[in-house]
Amino acid sequence: MDANRVKQILSSSADIEVKYNGTSVWIDQLNEDGRTATVHLRGPLEERSTVEIGELIEG
């Protein structure tokens, strides 16, 4: 995924599924470096992680 798509997903009101290492995640923000994003798992756990946006897969 690229930074422009991350921005589109963040600004969309739709529920767009994004996966990181095969696990569904929510994107919280695109970080200032433009190469990483803060995400958290879908579900009850709110643990946040910083990941490379190139490792995020839509769908």
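- The side chain to side chain contact (heavy atoms under 4.5 Å, CB included) test with Val25 singles out one residue from Val18, Val51, Thr38, and that residue is Val18.
- The distance from the OG1 atom of Thr36 to the CG atom of Asn31 is 3.5 Å, given to the nearest 0.5 Å.
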*Carefully, step by step, assess Arg48 and Val39 under the rule side chain to side chain contact (heavy atoms under 4.5 Å, CB included).*
CA-CA 6 Å; Arg48 285 170 168 66; Val39 302; over 6 Å; no
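- We find that Arg42 and Asp15 are joined by a salt bridge, their nearest charged nitrogen and carboxylate oxygen being less than 4.0 Å apart.
- With hydrophobic clusters built from ILVMFWY side chains whose heavy atoms lie under 4.5 angstrom apart, Leu41 does not share a cluster with Trp26.
- Closest non-hydrogen pair, Gly34 versus Ala3, comes out as O-CB, 3.8 Å.
- Taking CD of Gln29 as the start and CG of Leu10 as the end, the distance is 8.5 Å to the nearest 0.5 Å.
- Atom NZ of Lys7 sits about 9.0 Å away from atom CD1 of Ile53, to the nearest 0.5 Å.
- Of the candidates Gln8, Met1, Lys19, Glu17, Glu58 forms a side chain to side chain contact (heavy atoms under 4.5 Å, CB included) with just one, namely Met1.
- With values rounded to the nearest 0.5 angstrom, Ile9 atom CD1 is found 8.0 Å from Leu56 atom CG.
- Note on Ile57: it does not cluster hydrophobically with Val6, by side-chain heavy-atom contacts below 4.5 Å among ILVMFWY residues.
- Tyr20 OH to Glu52 CD: the interatomic distance, rounded to the nearest 0.5 Å, is 8.5 Å.
- Considering every non-hydrogen atom in both His40 and Glu47, the closest pair reads CB-O, 3.3 Å.
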